[in-house]
Student: 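Before I ask anything, here is the structure I am working with.
Small disclaimer: the values here were computed from a predicted structure and weren't measured. All residue numbers in this chain count up from 1 along the given sequence. All values below were derived from every heavy atom in this structure, side-chain atoms included, with hydrogens, water molecules and symmetry-related copies excluded.
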Amino acid sequence: MLTDRKNEHLDVVLGGRGRSQARTGFDTVIFEHTALPELDMDAIDLTTSFLGKRINAPLLVSSMTGGPARAAHINEHLAIACNELDIALAVGSQRVAIEGPDGAGLDASLRQFAPRIPLLANFGAAQLNLGFGVDQARRAVEMIGADALIIHLNPLQEAVQPEGDRDWRGLFGSIEMLARALEVPVVVKEVGSGISARLARRLVDAGVAVIDVAGAGGTSWAAVEAERAKTPEQAAIARAFSDWGQPTASAIAAVRAACPDAVIVGSGGIADGVDVARAIRLGADIAGQAAGILDAATKSADAVVSRLSVVISQLRIVCFCTGSRDLAALRTAPLAPEAATGP
C-alpha cells in the first residue's frame, strides 16, 4: 500500500498537479539593479560550506521519491548529477527501505555514485511514534553513508490522507532525543507549509542543527492528496488546504531573525536561480529544489545536470547584476525601494 501511494504521489507531481494555491512571496523581493557591476562574472564565487563539506553552489536537491522501482532510478540519476556539480543531495523517505527488504536504491551504492557531496538521510517524524528510534535513525544514516539525518514534518498531509498517521504526541521530545544521541547533525524540514520562527527557535535550542523551512508556494501535499482521493468527500477535505502555510519568503526571513546562528535551508517553490538568490538574500544558507527537477530525474543524470546548470547560471547572473562577487556580498545586496520583504 505504501509503495502504491508513493507511485500515486509521483504521478500527480509529474503531471503538473498538486501545486500550492499560495504564493511563495519571492515576487516581493526585488533586487536593486547594478548597471555597472565592475566584476568578472566568470570569477564570481558561488561556493559555500554545508555539513562540513565545500559545495560549488548553495543548492540542495531536496527529498523526492516514488515507489521503490522508480525511486532507485531517480536516486541514481540525482546522485550522479549532484556529485558532478558538487552540490548537496537529500534522499526521499527511507521508511520503505528501513521496514522492508527493498531499499529503493537507498543503500551503499548511492554513496558510491556520490562520494564527494553532502548526502542527507530522511524519514518522517510520525514514524517516531510508530517504532522508530535511535536504532532506525542510525540505520538510515549508515545505509547510505549520510552526513546528516532529516526528520520531515508533514502534519497537514497526514491529517488529510485517509491512511495518515495522526498521533503526533511527544514528537518534539523524540526529535530532541535524536538530536542529542546521533553522531551526525539532525535536520528538521517541513514539506510545503513552512516552519514558524517560534518552532525553529525551539528546535535549534533542542539541538537541531539545520532548519529547512519548506514554505508554501511549491508543491502542496494537501493538493496532491486531493488529486489521489478516492471519494469526493476526501477530495473536498484536502482541497480546502491547498493554500495552507507560511509563504517561503516570509518563513525564511522570520526563521533567520529568530535563529541568527542556525543553518537554514530555504525551500518551497524555488523556481529558478533568481529564487535561489532571493532565498539567500532573505537569510537562507542554501536553497532546496525538488519538484522542478523531478521530471529530469526520471530521465537521466545528464538531464538533471542540464537542469541544475541553468539554475546555477541564473544565480551567477543575479550576483553579477547586483555587484555581488560572492554569496556573502549577495546576502547584503541592496533591494529596490519598492521591495516589501527583507531583513
Student: Is it true that the side chains of Glu225 and Gln157 contain a donor and an acceptor less than 3.5 Å apart?
Tutor: yes
Student: Taking ring-ring contact (aromatic ring centres under 6.0 Å, His included) as the cut-off, I'd like each qualifying pair that reaches into residues 232-254, sequence neighbours left out, listed once.
Tutor: Phe241-Trp244
Student: Quick check: closest heavy atoms across Val134 and Met177, and the distance to 0.1 Å?
Tutor: CG2-SD, 3.2 Å
Student: If you draw a 6.0 Å radius around CZ in Arg307, do more than 12 non-hydrogen atoms from other residues or ligands fall strictly inside?
Tutor: yes
Student: Please tell me whether Ile98 and Ile175 are part of a single hydrophobic cluster in this structure, the criterion being side-chain heavy atoms less than 4.5 Å apart.
Tutor: yes
Student: With hydrophobic residues grouped by side-chain heavy-atom distances under 4.5 Å, do Trp168 and Trp221 end up in a single group?
Tutor: yes
Student: Assess Arg281 against Phe31: is NZ or CZ under 6.0 Å from the centre of the six-membered ring, and within 45 degrees of the ring's axis?
Tutor: no
Student: Which heavy atom of Ala238 sits nearest to which heavy atom of Ala222, and what is that distance?
Tutor: CB-O, 3.4 Å
Student: Please enumerate all residues that pass side-chain hydrogen bond (donor to acceptor under 3.5 Å, both in side chains) together with Asp275, with sequence neighbours excluded.
Tutor: Arg278
Student: So, Asp285 and Arg256, do they make that salt bridge, N to O below 4.0 Å?
Tutor: yes
Student: Which pair of heavy atoms, one from Ala287 and one from Ala279, lies closest together, and at what distance?
Tutor: CB-CB, 4.4 Å
Student: Considering non-hydrogen atoms only, spot the tightest contact between Glu158 and Gly164 and give its length.
Tutor: OE1-CA, 3.2 Å
Student: Taking transitive links into account, so neighbours of neighbours count too, which hydrophobic residues share a cluster with Phe50 at under 4.5 Å side-chain distance?
Tutor: Leu51, Ile55, Leu60, Leu120, Ile150, Val187, Val210, Val263, Val265, Ile286
Student: Run the side chain to side chain donor-acceptor pair (under 3.5 Å) test on Arg54 and Ser49 for me, step by step, so that the C-alpha distance in whole Å, both residues' side-chain angles and the decisive distance to 0.1 Å come before the verdict.
Tutor: CA-CA 4 Å; Arg54 204 73 183 164; Ser49 180; 4.8 Å; no
Student: Where is the tightest heavy-atom contact between Ala146 and Val184, given as atom of each residue plus distance?
Tutor: O-CG1, 4.1 Å
Student: Give the cluster check for Ile264 versus Leu46: same hydrophobic cluster or not, with ILVMFWY residues linked at side-chain heavy-atom distances below 4.5 Å.
Tutor: yes
Student: Who pairs with Phe26 by ring-ring contact (aromatic ring centres under 6.0 Å, His included), at least two apart in sequence or on another chain?
Tutor: none
Student: Walk me through whether Asp147 and Lys53 qualify under salt bridge (Lys or Arg N to Asp or Glu O under 4.0 Å).
Tutor: CA-CA 9 Å; Asp147 299 288; Lys53 293 183 176 180; 3.3 Å; yes
Student: Report yes or no: do Phe123 and Leu156 belong to one cluster of Ile/Leu/Val/Met/Phe/Trp/Tyr joined by side chain heavy-atom distances under 4.5 Å?
Tutor: no
Student: Other residues, nucleotides and ligands only: do more than 12 of their heavy atoms fall within 6.0 Å of CZ on Arg202?
Tutor: no
Student: Show the numbers, then the answer: is there a salt bridge (Lys or Arg N to Asp or Glu O under 4.0 Å) between Glu142 and Arg138?
Tutor: CA-CA 6 Å; Glu142 291 166 1; Arg138 286 184 174 135; 5.8 Å; no
Student: Has Arg111 got a side-chain atom pairing as donor or acceptor with Ala114's backbone, closer than 3.5 angstrom?
Tutor: yes
Student: So, the side chain of His77 versus the backbone of Ala297: is there a donor-acceptor pair under 3.5 Å, distance only?
Tutor: yes
Student: My understanding is that only residues two or more places apart in sequence, or in another chain, count here; which of them pass side-chain contact (heavy atoms from CB on, under 4.5 Å) with Arg116?
Tutor: Asn83, Asp86
Student: Ignoring hydrogens and angles, state whether a donor on the side chain of Asp302 or Ser300 is under 3.5 Å from an acceptor on the partner side chain.
Tutor: no
Student: With a 4.0 Å cut-off on N to O distance, would you call Glu163 and Arg228 a salt bridge?
Tutor: yes
Student: Can you name the closest pair of heavy atoms from Gly288 and Ser267 and give their distance?
Tutor: O-CB, 3.4 Å
Student: What residues form a salt bridge (Lys or Arg N to Asp or Glu O under 4.0 Å) with Asp135, not counting sequence neighbours?
Tutor: none
Student: Do Leu199 and Ile151 belong together in a cluster built from hydrophobic side chains that touch within less than 4.5 Å?
Tutor: yes
Student: Verify the neighbour count for atom CZ of Arg169: are there more than 12 heavy atoms of other residues, nucleotides or ligands below 6.0 Å?
Tutor: no
